[in-house]
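All remarks here apply to the structure that follows.
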There are 2 protein chains.
Amino acid sequence: MTRWLDDDEQRTWRAFMATSQLVNEELDRQLQRDSGMPHTYYVVLMKLSEAPDRMLRMSELAMELNSSQSRLSHAVARLEERGWVQRRPCATDRRVSWAFLTDEGFAVLAAAAPGHTEAVRQSFFDRLTPEQVRQLAEICEAVLGKADS
Amino acid sequence: MTRWLDDDEQRTWRAFMATSQLVNEELDRQLQRDSGMPHTYYVVLMKLSEAPDRMLRMSELAMELNSSQSRLSHAVARLEERGWVQRRPCATDRRVSWAFLTDEGFAVLAAAAPGHTEAVRQSFFDRLTPEQVRQLAEICEAVLGKADS
DNA sequence: CCATCTTACTTGAACTCTCAATAAAATGAA
DNA sequence: TTCATTTTATTGAGAGTTCAAGTAAGATGG
């Protein structure tokens, strides 16, 4: 006894999927073109830059990024090859790796940020009213299960 | 002179990115697990099932899916291997390929649809009020550039 | 103290997507 | 006609993601 989507839901669902795809693709293209990295890597660098001492355990980082450990592991391996991130062993628990944002990684992030932010504005915020921005936060947080509103 | 995101925008942006990722991953996992296909393939079958005679030119299909021709070409190649879609030459323009949804493909789609719909409800609509559903449609359509509201 | 369970992370293979290159047919201009 | 351009679609290589399996080290408990 499937409860199919009604017309409003259909409309919303298709629009949401299309938007999600469009925005992700635009950002990926912009970052790849202008900074030579996919959006996922940008977010990794971003999270690390905000962390104390610019470092985080792999598992914490994965958690904060809503990423699988596997994906993160592969990603950090490639970021390490580029010298943007460094893995450092943990003194107290030898299973743990710390991911550390290098100066070079920080510089790359700093160089990428303005263009990325501009892209986010152009493809997203410039098309919304402040009221819609507020509504969207509540909507997304509801979907994410933040017991908020 | 970068216009950085303010706090409201930050909050919305992170929530939107997280939601987009979460929902996509949940749907991909559900479809992969229960029907052995990624979400992208499901959408291909869906579009074809809605088309007259269950067939569409590759380029039309790509357009409607907001997909690159390359991506679609690869996808249809694999759907064809499974016997779910068939490519048929066009009589009047020999550059054109029609993608045709086979009976088997239709059956697979029909079998996948209830579980998929249930997943969409659980991970999305069940967490939103009707008012939010309406708001979200407007927001997404604004981002997509549908000169609507 | 040692066997077992759990945690943290990595690895490899299979798969999908992107981008650039290619091919082939239609279009259009000289 | 003929040759350049545009349209339609495919292909292959490189890159990223996923899933399942594997490694190593800390925690548990008899």
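The sequence lines fix the lettering, A, B, ..., with proteins before strands; numbering per chain opens at 1. No hydrogens, no waters, no symmetry mates; every other heavy atom, side chains included, goes into these values.
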Applying side-chain contact (heavy atoms from CB on, under 4.5 Å) to B/Asn24 and A/Ser20, what does each step give before you reach the verdict?
CA-CA 9 Å; B/Asn24 272 291; A/Ser20 153; 3.2 Å; yes
Would you call the rings of B/Phe124 and A/Trp13 parallel, tilted or perpendicular if under 30° counts as parallel and over 60° as perpendicular?
perpendicular
Both A/Trp98 and A/Glu25 contact DNA chain C. Which one's nearest nucleotide lies toward the 5' end?
A/Trp98
Contacting residues from residues 32-51 of chain A, given that a heavy atom lies under 4.0 angstrom of DNA chain C
none
Value rounded to 0.5 Å, distance of CZ in A/Arg88 from CE in A/Met55
5.5 Å
Identify whether any heavy atom of A/Ser59 sits under 4.0 Å from a base atom; if not, whether one sits that close to sugar-phosphate; answer base, sugar-phosphate or nothing.
sugar-phosphate
Carboxylate-amine/guanidinium contact B/Glu131 B/Arg134, below 4.0 Å
yes
What is the distance from atom CG of B/Asn66 to atom CZ of B/Arg71, rounded to the nearest 0.5 Å?
8.5 Å
Covered region of DNA chain D, 5' end to 3' end, by chain A [heavy atoms, under 4.0 Å]:
D/dG16 to D/dG26
Taking for each residue the nucleotide of DNA chain D with the nearest heavy atom, is it A/Ser70 or A/Arg95 whose nucleotide lies nearer the 5' end?
A/Ser70
Sequence-distant partners of A/Glu80, salt bridge (charged side-chain N to carboxylate O under 4.0 Å, His left out), two or more places apart:
A/Arg87
Base, sugar-phosphate or nothing for B/Asp93? Non-hydrogen atoms, less than 4.0 Å.
sugar-phosphate
Looking only at heavy atoms, which two atoms of B/Cys90 and B/Asp93 are closest? And how far apart?
CB-O, 3.4 Å
Would you say A/Gln30 and A/Asp34 are linked by a side-chain donor-acceptor pair, where the criterion is simply a distance under 3.5 Å?
yes
SB check B/Glu104 B/Arg82 (cutoff 4.0 Å):
no
Comparing A/His74 and A/Thr92 on DNA chain D - which has the more 5′ nearest nucleotide:
A/His74
Hydrophobic clustering (ILVMFWY, side-chain heavy atoms < 4.5 Å, transitive) - are B/Tyr42 and B/Val76 grouped together?
yes
Between which nucleotides of DNA chain C, read 5' to 3', does contact with chain A run, using atoms under 4.0 Å from its heavy atoms?
C/dT7 to C/dC19
Give me the one residue out of A/Val44, A/Leu79, A/Leu48 that meets side chain to side chain contact (heavy atoms under 4.5 Å, CB included) with A/Trp84.
A/Leu79
So if I take residues 78-90 of chain A and measure heavy-atom distances to DNA chain D, which residues fall below 4.0 Å?
A/Arg78
With a 4.0 Å cut-off on heavy atoms, is B/Ser97 in touch with a base, just the backbone sugar-phosphate, or nothing at all?
sugar-phosphate
Residues which pass side chain to side chain contact (heavy atoms under 4.5 Å, CB included) with A/Arg94, listed by chain and number, not counting sequence neighbours:
none
For A/Tyr41, does the six-membered ring have the charged nitrogen or CZ of A/Arg78 within the cation-pi criterion, i.e. under 6.0 angstrom from the centroid and within 45° of the normal?
no
